[in-house]
Amino acid sequence: MDPKDYIGRLNKTNAQKVNILMVDDHPENLLALEAVLTSPNYNLISAHSGKEALKCMLQHDFAVILLDVQMPGLNGFDTAKLIKAREKTKNIPIIFITAINQEMEHVHQGGLLRRCDRLYF
């Protein structure tokens with residue numbers, strides 16, 4: 001599916017809820033994302049690690065993924081590479097989030113995965 005189709009699914013108000021995956025190892029960050037994104041149109045699903053996010057990918061279809069860059073174990077970049085390597089999930093837009101590291105190396109690494117799928121806070 002084309003990334004524009006995923007965005008279109010987010011904007012349909014009368015359609016069934018779309019799934020949004022939020023991935024962060026800090027529960028307080030997930031709570032903040034949930035507060036900002038709460039909508040009757042969205043089904044927000046949280047994962048606390050890259051590994052947990054990959055398990056969620058097997059259980060649900062997602063319109064977009066909000067993915068923390070710095071997590072212990074499987075970090076956000078490695079998780080995104082695994083998501084993009086799978087045929088079924090390779091076109092899901094990924095928005096990278098981080099509250100800590102905005103070094104150009106990390107910005108560039110996120111851009112290598114897909115130029116249109118990055119945003120840093």
Side-chain angles (χ1 to χ4, degrees):
M1 186 179 279
D2 187 282
K4 291 177 187 174
D5 294 334
Y6 285 97
I7 294 168
R9 285 175 53 194
L10 284 174
N11 293 326
K12 290 183 182 176
T13 55
N14 294 328
Q16 75 180 64
K17 288 185 175 187
V18 293
N19 293 328
I20 298 176
L21 179 60
M22 306 177 304
V23 187
D24 199 305
D25 59 315
H26 295 282
E28 64 274 14
N29 293 344
L30 290 171
L31 185 63
L33 285 172
E34 186 175 336
V36 171
L37 294 172
T38 296
S39 164
N41 300 318
Y42 304 153
N43 181 33
L44 303 175
I45 298 173
S46 297
H48 298 91
S49 68
K51 187 175 180 180
E52 189 178 336
L54 294 174
K55 288 180 183 177
C56 288
M57 301 298 298
L58 297 173
Q59 299 169 349
H60 305 280
D61 292 325
F62 291 98
V64 66
I65 301 167
L66 304 173
L67 184 58
D68 183 22
V69 172
Q70 292 189 325
M71 295 183 290
L74 196 59
N75 70 34
F77 295 122
D78 292 336
T79 303
K81 285 177 191 174
L82 292 169
I83 292 168
K84 294 297 182 181
R86 188 169 174 237
E87 186 64 31
K88 183 179 176 186
T89 59
K90 71 179 182 180
N91 290 317
I92 300 173
I94 296 174
I95 300 173
F96 292 107
I97 55 175
T98 184
I100 300 171
N101 201 330
Q102 295 182 352
E103 292 179 16
M104 283 309 294
E105 173 188 341
H106 289 94
V107 173
H108 180 69
Q109 187 174 356
L112 290 176
L113 289 169
R114 258 186 97 111
R115 286 191 317 243
C116 64
D117 290 348
R118 70 176 191 267
L119 176 64
Y120 287 84
F121 299 118

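One-based numbering along the sequence shown. Just so you know, these numbers use all the heavy atoms, side chains as well, and skip hydrogens, waters and symmetry mates.
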Got a sec, which residues hit side-chain hydrogen bond (donor to acceptor under 3.5 Å, both in side chains) with Gln59, two or more places apart in sequence or on another chain? none
Without swapping roles, check the side chain of Lys84 against the backbone of Lys90 for a donor-acceptor pair under 3.5 Å. yes
With rounding to the nearest 0.5 Å, note down the distance linking CG in Asp78 to NZ in Lys51. 14.5 Å
Kindly compute the distance separating CD1 (Ile83) from CD1 (Ile65), expressed to the nearest 0.5 Å. 4.0 Å
Of the non-hydrogen atoms in Met71 and Gly76, which two are nearest, and what is the gap between them? CE-N, 3.9 Å
Do Leu37 and Ile95 share a hydrophobic cluster (ILVMFWY, side-chain heavy atoms under 4.5 Å, transitive)? yes
Taking all non-hydrogen atoms of both residues into account, name the closest pair between Val69 and Phe77 and its distance. CG1-CE1, 3.2 Å
Spacing of Leu67 atom CG and Ile92 atom CD1 [to the nearest 0.5 Å]: 11.5 Å
When you compare the side chain of Val23 with that of Thr79, does any pair of heavy atoms fall below 4.5 Å? no
Polar side-chain atom of Asp24 near backbone of Asp68 as donor-acceptor pair, under 3.5 Å: no
Nearest heavy-atom contact between Ala63 and Pro93 is O-CD, 3.3 Å
His48 side chain near Leu30 side chain, heavy-atom distance below 4.5 Å: yes
Heavy-atom side-chain contact between Phe62 and Ile20 under 4.5 Å: no
Do Met57 and Leu21 have side-chain heavy atoms sitting under 4.5 Å apart? yes
Taking the side chain as every heavy atom from C-beta outward, state whether Asp25 and Gln70 have any atom pair closer than 4.5 Å. no
Do the side chains of Ile97 and Asn29 get nearer than 4.5 Å, heavy atoms only? no
Just how far is it from atom NE2 of His26 to atom CG of Leu33, taken to the nearest 0.5 Å? 12.5 Å
